[in-house]
Amino acid sequence: MFSGKTVCIITGASRGLGKSIALNFSNLFTKDSVFILLARDDKSLSDTKQAISQKCVTQYFDQGTLDQSVFDSLLPRCLNELHVNTEEFEHACIVHNAGTLECEMTEDLVSVQSVSNYFNVNLIGAVALNASFLRVFQHVEHKLVIGISSLAALQPINSWALYCSAKAARDMYFKHVASEYPAIRVLNYAPGPLRTDMLTKTACTESKDPQVLKVFKDLAAKALSCDTSVLKLIEILKGNKFKNGDHVDYYDE
Ligand SMILES: NC(=O)c1ccc[n+]([C@@H]2O[C@H](COP(=O)([O-])OP(=O)(O)OC[C@H]3O[C@@H](n4cnc5c(N)ncnc54)[C@H](OP(=O)(O)O)[C@@H]3O)[C@@H](O)[C@H]2O)c1
């Protein structure tokens with residue numbers, strides 16, 4: 001992927017881990033590669049774009065939308081704007097990074113509307129975007145799908161039921177992609193605790209379970225920079241030894 005013309009799509013590229021993935025991938029990709037950066041905050045997306053050395057398009061994308069036409073038209077519209085055809089690329093890569101954290105105890109998850117909104121953003125939208133990616137880039141020979149996962153996909157964290165459930169479901173969904181399409185490289189990457197808004201503004205202030213709140217307040221001081229975690233991700237990709245569809249954590253050997 002780092003040696004041929006690549007089209008790279010990153011969700012949640014406006015800040016935090018997604019922005020770091022975009023900038024670090026840009027340092028590695030060939031000059032003729034292109035980036036498609038997605039999120040809702042146009043201004044922050046433009047800031048990320050400024051630091052990308054390849055051709056790059058940013059697009060407003062709310063992953064929680066139920067508007068089918070968004071998923072049908074998003075990628076073709078971005079390719080159009082970049083004046084490129086899918087046949088030009090040796091590699092196509094998508095990083096499903098966009099995500100949110102909800103910190104309620106299970107007995108308080110009474111609102112059907114907010115529970116379904118949560119899964120729309122964190123699960124359904126990623127599934128629909130990924131299907132569009134698989135279709136649009138079906139003739140690109142080498143494809144890589146990265147799901148940004150979490151330790152929360154493997155174990156419960158009290159008051160984070162929606163986050164843990166969505167991450168577990170995404171891991172299984174991406175394992176399915178790997179199983180149905182063995183030629184596509186698929187990785188569920190758990191990036192470790194990161195110094196981002198999700199940790200410092202949400203986990204450390206809104207977690208309803210007092211013990212979890214304390215753990216994350218303590219953890220915030222020791223959290224990793226996004227760049228440190230992304231460099232590990234790049235090492236894993238370059239090593240190319242992961243089993244297709246596996247969950248690989250920053251702290252794994
Ligand atoms: N921080 C951690 O300690 C940690 C640990 C393990 C895993 N992760 C995972 O890493 C990923 C990135 O998290 P982060 O820590 O970088 O969080 P963050 O700083 O809060 O960034 C979240 C990103 O997701 C985007 N996003 C949120 N809602 C969206 C929506 N409805 N539609 C489209 N994009 C949306 C945001 O962009 P806009 O607001 O501009 O739309 C933003 O770019 C997430 O999947 C998270 O679960 C984080």
Side-chain angles (χ1 to χ4, degrees), residues 9-24 36-49 58-67 70-71 74 94-103 114 116-130 145-155 157 160 162-171 173-174 187-207 212 215-230 232-233 247-252:
I9 298 137
I10 304 171
T11 65
S14 55
R15 60 188 148 93
L17 183 65
K19 179 173 186 174
S20 174
I21 292 170
L23 304 192
N24 282 288
I36 296 174
L37 305 181
L38 308 173
R40 294 164 305 166
D41 182 342
D42 293 325
K43 165 78 180 70
S44 303
L45 270 182
S46 302
D47 292 345
T48 308
K49 180 181 174 176
T58 62
Q59 178 65 53
Y60 175 92
F61 172 56
D62 178 359
Q63 194 161 269
T65 184
L66 294 177
D67 181 349
V70 169
F71 295 97
L74 186 71
I94 186 163
V95 187
H96 293 280
N97 163 78
T100 58
L101 173 61
E102 175 66 57
C103 306
S114 53
S116 63
N117 283 348
Y118 185 85
F119 283 110
N120 289 339
V121 173
N122 290 282
L123 181 61
I124 315 294
V127 170
L129 180 66
N130 197 60
V145 174
I146 302 172
I148 297 299
S149 185
S150 165
L151 181 63
L154 309 180
Q155 65 178 55
I157 299 172
W160 290 20
L162 295 185
Y163 185 77
C164 296
S165 311
K167 287 296 190 195
R170 286 164 57 111
D171 268 24
Y173 165 76
F174 289 119
L187 174 68
N188 283 301
Y189 178 62
L194 306 171
R195 223 172 299 124
T196 65
D197 290 354
M198 184 176 284
L199 184 67
T200 58
K201 291 191 182 157
T202 312
C204 290
T205 60
E206 293 178 16
S207 296
V212 168
V215 166
F216 279 92
K217 277 185 174 166
D218 294 345
L219 200 57
K222 296 177 247 156
L224 304 166
S225 76
C226 292
D227 287 346
T228 302
S229 184
V230 175
K232 178 70 185 269
L233 168 63
H247 174 107
V248 180
D249 193 281
Y250 171 84
Y251 291 107
D252 289 348

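Read the numbers this way: they start at 1 and go in the same order the structure lists the ligands and their atoms.
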Amino acids contacting ligand 1, non-hydrogen cut-off under 4.0 Å: Gly12, Ser14, Arg15, Gly16, Leu17, Ala39, Arg40, Asp41, Phe61, Asp62, Gln63, Asn97, Ala98, Gly99, Thr100, Val121, Ile148, Ser149, Ser150, Tyr163, Lys167, Pro191, Gly192, Pro193, Leu194, Thr196, Asp197, Met198
Test side-chain contact (heavy atoms from CB on, under 4.5 Å) applied to Ile21 and Thr48, Val95, Asp227, Ile146, the passing residue: Val95
Thr58 versus Asp42, side-chain donor and acceptor atoms under 3.5 Å: no
Partner residues of Lys43 under the salt bridge (Lys or Arg N to Asp or Glu O under 4.0 Å) criterion, sequence neighbours left out: Asp47
Residues in salt bridge (Lys or Arg N to Asp or Glu O under 4.0 Å) contact with Arg15, at least two apart in sequence or another chain: Asp197
Which residues share a salt bridge (Lys or Arg N to Asp or Glu O under 4.0 Å) with Asp218, sequence neighbours left out: Lys214
Between Thr228 and Tyr250, a side-chain donor and acceptor under 3.5 Å: no
